[in-house]
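For this chain, numbers begin at 1 and follow the sequence in order.
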Amino acid sequence: MGSLRRESLGAVGGRPSSSDPTSGRSEESIKALTHRFDVEIVFKLSLAHKGLTTIACLERCINLVELDLSANTITKVEGLSTLVSLRRLDLSTNRITAVDGLSELRKLETLKLQGNLIASLRDVNLPQLAGLPCLKALYLQDFGRAGQNPVCRKDGYKSSVLASLANLSNLDGERKPHSSSYAEVAAEVDALIKTPVPREKVVLPDVAPWLPGAAGPSGTDGGDAKRELVDPEVQAKVKAATRAIDDCHALHELLKGEVAKAQRSSMLNAGGM
């Protein structure tokens, strides 16, 4: 009876049962997912899209380096204090309202929290994040401002985060955020889209005739109409080329005649035989 009750856990509402070998709701299912005989030798684990509402059964995964818990319905960050080797943590697209439970993750480098319900800077828990010496990348929204937490729309959001987390090299996809103001650039782009700069009228200058004596744009003669239009050397080359072409035509006609004679001779010889 007790085993039947354990097997039914988590099956409510169409979610995977805890006995499902791919549910991620038990150590056995984690071993099945990762093809490891012990959770202590699991280094990378993805439990995305598993319908999880809580973080559990990870206490013995002490050597995890990368953990993906995105696209679930988790509401609270908990159960991670033993994952002291963790470097990358993805908690995006959940229902988390406050950052907590990360103080022991001293090796954490990347934290993804976009697409949650964090509403204020207080809920971001900047003092706790500031205590993570290796944290370099923090996402509370995507670079294109999609997947925003409500806090991202607050005045002073970016400056407050950067003031508290001086070691960040990536905030919401902005590389070197301390030296670049992508928010200001985005605001300038939005302003240009709303009020585009009028195009300048381009006035083309009059073009001089390409040949002496040719009529210019105004219709006036560009030079002496009696002036020689072609260079004498070029003219001589043109005449020579013309003579060569004429010679080729003459040779062609001559060859045609000779071919015709040869054909007639061949036919007469064939008839005489």
How close do [X] and [Y] get, counting heavy atoms only, and between which atoms?
| X | Y | value |
| --- | --- | --- |
| L168 | L135 | CD2-O, 4.0 Å |
| I96 | L91 | CD1-CB, 3.9 Å |
| S26 | C57 | CA-SG, 3.7 Å |
| K158 | L171 | CG-CD2, 3.9 Å |
| D142 | Q114 | OD1-NE2, 3.0 Å |
| L45 | V42 | CB-CG1, 4.2 Å |

ILVMFWY cluster, [X] and [Y] together (side-chain gap under 4.5 Å):
| X | Y | result |
| --- | --- | --- |
| L162 | I118 | yes |
| L33 | L80 | yes |
| L121 | L132 | yes |

Practice task
Verify the distance criterion only: is there a donor paired with an acceptor across the side chains of Y139 and N170 at less than 3.5 Å?
Solution key: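 There is such a pair between these side chains.
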So how far is it from [X] [atom1] to [Y] [atom2], rounded to the nearest 0.5 Å?
| X | Y | atom1 | atom2 | answer |
| --- | --- | --- | --- | --- |
| D90 | L113 | CG | CG | 8.5 Å |
| C152 | D172 | SG | CG | 5.5 Å |
| L129 | S103 | CG | OG | 10.5 Å |
| N116 | S70 | CG | OG | 10.5 Å |
| S160 | L165 | OG | CG | 10.5 Å |

Flag the pair [X] / [Y] as yes when at least one side-chain heavy-atom distance between them is below 4.5 Å, and no otherwise.
| X | Y | result |
| --- | --- | --- |
| V161 | L126 | yes |
| Y157 | Q148 | no |
| L89 | L83 | no |
| I30 | L58 | yes |
| T75 | N94 | no |
| I41 | N63 | no |
| D123 | V151 | no |

According to side-chain contact (heavy atoms from CB on, under 4.5 Å), who are the partners of [X], at least two apart in sequence or on a separate chain?
| X | result |
| --- | --- |
| S46 | A48, D68 |
| A236 | none |
| T82 | E59, I62 |

Problem - Residues clustered with V84, ILVMFWY side-chain links under 4.5 angstrom - result: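 So far as hydrophobic clustering goes, V84 is joined with none.
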Sequence neighbours excluded, every pair satisfying salt bridge (charged side-chain N to carboxylate O under 4.0 Å, His left out) that has a member inside [range]:
| range | value |
| --- | --- |
| residues 97-112 | R87-E109 |
| residues 128-139 | none |
| residues 33-49 | D38-R60, E40-R60 |

For [X], side chain to side chain donor-acceptor pair (under 3.5 Å) partners two or more places apart:
| X | result |
| --- | --- |
| T97 | none |
| K31 | E28 |
| N149 | none |
| N125 | none |

Practice task
With sequence neighbours left out, write down each residue that passes salt bridge (Lys or Arg N to Asp or Glu O under 4.0 Å) with E66, or none if nothing qualifies.
Solution key: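 Expected list: R88.
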Practice task
Please check if atom CG in D247 has more than 12 non-hydrogen atoms from other residues, nucleotides or ligands closer than 6.0 Å.
Solution key: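 Correct, the count exceeds 12.
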Handout entry: Under 3.5 Å donor-acceptor, N72 side chain and G51 backbone
Key =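 It does hold such a pair.
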